[in-house]
Amino acid sequence: MTAAQWHLGSRTTRLMIASFLFALVATISSMVYANAVARESVQNLCALVVTLDDTYRATPPQTPTGRQIADQVSKLRTSLDCPAPA
């Protein structure tokens with residue numbers, strides 16, 4: 001192709017630019033949406049983890065398995081950056 005065929009006024013060039021811009025906007029918007037959904041999921045999970053962790057702190061489990069679960073819930077609360085215990 002010659003330089004004249006690739007100038008900005010070319011129909012093909014405008015179509016390629018428009019396609020690229022559409023793909024870019026679609027990609028960015030899907031990333032923003034996915035991040036918002038993930039953030040909401042973590043907040044919902046935090047509500048459950050905080051409830052479990054607070055319950056285990058108020059009434060510590062007596063069995064080895066219960067203590068292991070309580071320890072893992074406490075670590076999960078920290079790793080998810082859920083609100084700190086009171």
Crowding at CD, Q72 (>12 non-hydrogen neighbours, <6.0 Å): yes
Check: residues 26-42 side-chain donor-acceptor pairs under 3.5 Å, at least two apart:
| unit_1 | atom_1 | unit_2 | atom_2 | d |
| --- | --- | --- | --- | --- |
| T27 | OG1 | A23 | O | 2.8 |
| S29 | OG | V25 | O | 3.0 |
| S29 | OG | A26 | O | 3.0 |
| S30 | OG | A26 | O | 3.2 |
| S30 | OG | T27 | O | 2.9 |
| N35 | ND2 | M31 | O | 3.4 |
| S41 | OG | V37 | O | 3.1 |

Cluster overlap Y56 with V50, hydrophobic side-chain contacts below 4.5 Å: no
Shortest non-hydrogen separation from P60 to Q62 and the atoms involved: O-NE2, 3.0 Å
Side chain to side chain donor-acceptor pair (under 3.5 Å) against T78, all qualifying residues, sequence neighbours excluded: none
CG-CG distance between L48 and L80, expressed to the nearest 0.5 angstrom: 10.5 Å
Shared hydrophobic cluster for L45 and I69 (ILVMFWY, side-chain gaps under 4.5 Å): yes
Salt bridge (Lys or Arg N to Asp or Glu O under 4.0 Å) contacts in which one or both residues fall within residues 58-72, not counting sequence neighbours: D71-K75
For the student: nearest non-hydrogen atoms of A70 and D53, plus distance: O-OD1, 4.4 Å
Atom of A47, atom of T51 and distance for their closest heavy-atom approach: O-OG1, 2.9 Å
